[in-house]
Amino acid sequence: MKRIIIFDGVCNFCNFWVNFLLERDRKNIFLFTTLQSESAKSILKKYDRSPDDIDTFLLITDKGCFDRSTAGLLVAKELGGIWKLLYVFIIIPKFIRDPAYNLIAKNRYKFFGTNEACRIPTADERDKFLV
């Protein structure tokens, strides 16, 4: 099953990480959609999540909907290579892992800026994005 990453399409920091993942997804397992898209709204409804209450990216797998540091660590594990070593931090309880993540997530626009519109995939990337 493909893993779906829902990200804030106007956030420069989020788009940086999407580009990072696109370059390293050698197993071709990730699909992407912006928080602002109809696809994301439909997916979020299944998990009883509102796009208005999300200040993080989400990872959707066959095992559920994951957010914050847990989502990040699961993505690193799936990337393989040296990145999967980061997954060892999953042993640290979420209430300890998430505060640093939350600080960046809540200030991402201030620290990294925004775009006026969501990222538009290139022709080569279109099959990796849900609309």
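Treat the numbers as computed from the prediction; the structure is a model and nothing was measured. Computed over heavy atoms, backbone and side chain alike; hydrogens, waters and symmetry mates excluded. We number each residue from 1, following the sequence as shown.
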Honestly curious: do [X] and [Y] fall in one hydrophobic cluster under the side-chain, below-4.5 Å linking rule?
X     : Y     : value
Val88 : Phe66 : yes
Val18 : Val10 : no
Tyr87 : Leu79 : yes

Main chain of [Y], side chain of [X]: is a donor-acceptor contact present, judged purely on distance under 3.5 Å?
X     : Y     : result
Gln36 : Gly9  : yes
Arg97 : Ile92 : yes
Thr56 : Arg68 : yes
Thr34 : Asp8  : no

Q. Should the ring pair Tyr101 and Phe57 be called parallel, tilted or perpendicular, given that the plane angle runs from 0 to 90° and is split at 30 and 60?
A.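 Ring orientation, 0 to 90° scale: tilted.
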Q | Geometric class of the Phe30/Phe32 ring pair [parallel <30°, tilted 30-60°, perpendicular >60°] | A |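 Ring orientation of Phe32 relative to Phe30: tilted.
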(Q) Between the side chains of Asp67 and Arg49, is the shortest nitrogen-to-carboxylate-oxygen separation below 4.0 Å, so that they form an ion pair? (A)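 Salt bridge between Arg49 and Asp67, a charged N being under 4.0 Å from a carboxylate O: yes.
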Working to the nearest 0.5 angstrom, can you tell me the gap between [X] [atom1] and [Y] [atom2]?
X      : Y      : atom1 : atom2 : value
Phe111 : Leu103 : CZ    : CG    : 5.5 Å
Lys110 : Ile104 : NZ    : CD1   : 12.5 Å
Leu59  : Cys65  : CG    : SG    : 8.0 Å
Phe16  : Cys11  : CZ    : SG    : 11.5 Å
Ser50  : Leu35  : OG    : CG    : 8.5 Å

Should we count [atom1] of [X] as having more than 12 external heavy atoms under 6.0 Å?
X      : atom1 : value
Asp127 : CG    : yes
Lys2   : NZ    : yes
Ile82  : CD1   : no
Phe89  : CZ    : no
Lys94  : NZ    : yes

Do the non-hydrogen side-chain atoms of [X] and [Y] ever get within less than 4.5 Å of each other?
X     : Y      : result
Ile4  : Leu130 : yes
Phe20 : Val75  : no
Thr70 : Ile90  : yes

**Q.** Minimum-distance pair of heavy atoms, taken over all atoms of Ile60 and Ile43
**A.**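 Between these two residues, the closest heavy atoms are CG1-CG2, 3.9 Å.
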Q.
Quick test of your reading: applying salt bridge (Lys or Arg N to Asp or Glu O under 4.0 Å), list the pairs with at least one residue in residues 11-27, sequence neighbours left out, ordered by first then second residue.
A.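 Sorted result for residues 11-27: Asp25-Lys128.
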